[in-house]
Structure formats: C-alpha cells, structure tokens
Amino acid sequence: MLKRLLMGIFTLFISSLSYGWADHLLITYGALKDMPEVSQEPTIPAETLTHFVTSESDHLIPLLATLDDWSGQLIHYPKIPDELIFKGSADTLKPFTDRLRINPEMHYDALFVQYPPGQPHRLNNPIGKEAIVLPAILSVSNTINLPLEKMDPGTLLSPFEIILSAVDEPDFGMDINLFEDNGTEYGKRYKFGKAPDFVNNALAVGTQAPFHMSFFYEGKELYWVASYLKCTYPEYRIHAYLALSQQAFKDGHFYWGYRFLGWALHYCEDLSQPYHARLSPNTRDTTLMFDKVFKKTELQNIKQAETNKHFALENYQYGLLQDVISKPKNNNRFLEALGDRTHDAQDQMPYTDLYPRNTIAKESFDNADLVDNLVCAAFKDYVVPSYHFSETGEVQLYQVADQNDPNIQNLNKKLEDIFRSMGSHIRKIVRYATIVSPHQ
Ligand SMILES: [Zn+2]
C-alpha cells in the first residue's frame, strides 16, 4: 500500500516532463559555430536514409548485429527480439527502423535544413513542418525555427548545417508510441514492454520521456519504491547513433555521418538539463518519500510546482538563446560560454559509452539543487503551484525578466557555467564521431 502510494507521487513528478531543452539547435549552434573542425562550407551531398541503408546494407548487418554488445549497456534494456534482427534491406526502411526500434511513421527520407532564428537562409525552398514532424505531435511542436528548407538528394550542405538540422529530430516523433500499450502495431512488435509507470500515455509527447531522461544518482530508497526509474534509455540511443555515425563516415556517407551525430548529440544535451537528471532537487529521498506522504501534502500541488520549475528553466533559456542568436552581432557572454574552447585542447579524458552517465548526467545531478534554488528565486510568481505553466508556455520569461534583478543575474551566471560545460561536451562528442572523417 505504502509502495503504491509513493509510486503515485513519483509518477506525478515526471509524467508531464517529456522534452529536454527546448530547441537543441540553439545550444548546438553556440557550441559549434566557431569550431574549426565543423566546416560551414557546403561540400556534402544530401542522401535519403533509404539510399544510405540500401547501399550500406552489407556493412550494416554486422554493425547492427553487435550494436547491443557494449560496456555501458543498461541491464534493464529490453533485449532485441530475434525477428527484429537486421538481415539487410533492398529498398525499404522497415528492417532498419525495426532494428533501431524507432517510430516508423516519421518521414526519414525528407531532406531538410533548419536554420537558427534570425540567421540568413542559404537555401530557400520552404516546406511546412508537417513534412518532417510526426502528425501525432504536430500541434505541440512549437520550437521549430520555421521555415524549414527542403532540399533534393545531392544538394550540397555543410557539416554545420547538417548537424544543426538533425539535432532536434529526436523530439519530432522518433521515440513516440514505442511501448506495447501505446496502441501501435510496432509498439507490440518492439518488445519494450509496457510504458514505465511514469509515462503519461495521454500526453502527446509523454511516451518519449523514457528515451530522453535518466535518473542515475537517486538514492536506493527511490529505486526501491520506483524501480521504473531505471527504465530510461538515452544512453542506448546515444550509443547506437554514434556507432552508425562512425560507420557512415568510414564508408564515405558523410551526410549520414553528420545526421546520426546530430541525433546522438540530442540525447547528450537532454542529460545536461538538471531536471532531467534529478527527480526532485532540494528534496532528500527520505523526505520525498515520507514527509510529503504523511503530511498529506496535496499531490497535485507537488506535481505542479515541480513541473513549473522545470518549464521555467527551459522557457527562460529558450528565450535567452533565441534573443542572442537572432541579434545581428550575436557575440555575447552566453554564446561565448557555449563556444569557449579554452580548455578543449587540455581535456585528455577520452569519450566512452559511459561519458553521458558519468560526466554529463553527474554534472547535471550535482547542479540540480543550486539551479533549483536559483530558478525559484528568479521566478517566484511562476513556480508556485497556483500558477499553471503549460507545456507550450504562454509566458516568455526572458521577455518579462528584469536583467538588473540580482536573482536573474545569479541564474544567468549559473547558466553561463552550464553552457560552458555543455559546449565542451558537444565538441568532444563531435571529435569522437568524426575522427575517421576526412571532412573534419
Ligand atoms: Zn529530447
């Protein structure tokens, strides 16, 4: 009984938290815009996924056969069913999307470019977001920088353009409705089992949450009560997309080398969001479990306050980067922090499969209490349970924030630190994936 009650609380905490940072393009733009290894010269021909999979079929068979044999594999990751093993593909994507267990209804062959807000478009051939985004989440995908520009196979693109266009794609529907109780035929075949209890199946984007957040550092008590907290899979996605990226580079499919790399970066960036790495900052596990239950705190209030803080941070960060990037002279402290390469050369720690967990998520977890305090101080009126922060965020916190307010200045300072760290993680992963590429 107690266990069920507690499970209910944790479910409320995270059921509506399904995105990471809004608009990954903004963060990635800042991290890579001055990185010499990421060229901005359009030299790489665009290629459909079907063409890549079909022509690479023989190399993908052994790669995908060993994809799950890696050091960091989570014991909770559901084994790939035999019938989904990749045996090659003549002219269809189904064996590939089946093997990766990603949403097969996405328009993976659509070739598009997403440009940063306010930046000039090199290509001008606009398409609607419905050509890219999964129909089921079209109405809630509000952070895309429109218009997207369509291109044909063979159109030359730069590594910078390809990565920036790919890095938001995992939020466009790739991980939606993959569980057996999500009402899809592929959800039944993929054998991920039922959605973990914290997933809110009623929310359009709720079912992607287990692929975009992880809780590695909570106390034993929490895992005892809510073992489903271990059912999170961003590491697995990162591993798969980096392996595919390296294979694509090795075999000269540079477009897919960079596009898979963009997909992998998305999940690493999600883990750098403190509210994606810590269930409830500033609440010790035991307090969370017992205090709030026995004091009969209104559960809906707890949920609303947690949700508000999470969205407040993302809403403010989104507005801030949108604003600074769209300025004509867009050098400022936040972009400089993201792009700061001062320590890149001295950083000798190699990238491994455990880096996202041991370094990125650990940093986020360690930052979470302080960030939570700063968010609460900066946005007092918006984090109280009586305020209902919606997912689409009708308030623009960056617009209403007073930049002379010491609480905002403190939050800005911490965001700068987080950006500096994220930028160096992003560049480390780019170097790791592109080491075999002559297009560096
Ligand atoms: Zn995400």
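Indexing begins at 1, ligand by ligand and atom by atom, following the structure's order.
- Under 2.8 Å from the Zn ion (ligand 1) lies an N/O/S atom of H212, whether from backbone or side chain.
- Taking the ring centre of F86 as origin, the terminal cationic atom of R99 falls outside the region bounded by 6.0 Å and 45° from the ring axis.
- Using a 4.0 Å cut-off between a side-chain N of Lys or Arg and a carboxylate O of Asp or Glu, E83 and R189 do not qualify as a salt bridge.
- In this structure the side chain of E149 never reaches within 4.5 angstrom of the side chain of I127, judged on heavy atoms.
- Under the 30°/60° scheme for interplanar angles, the aromatic rings of Y190 and Y186 are found to be tilted.
- Among the backbone and side-chain atoms of E269, no N/O/S atom is found under 2.8 Å from the Zn ion (ligand 1).
- No other N/O/S atom of D270 lies as close to the Zn ion (ligand 1) as OD2 does.
- Within D171, OD1 is the N, O or S atom that lies nearest to the Zn ion (ligand 1).
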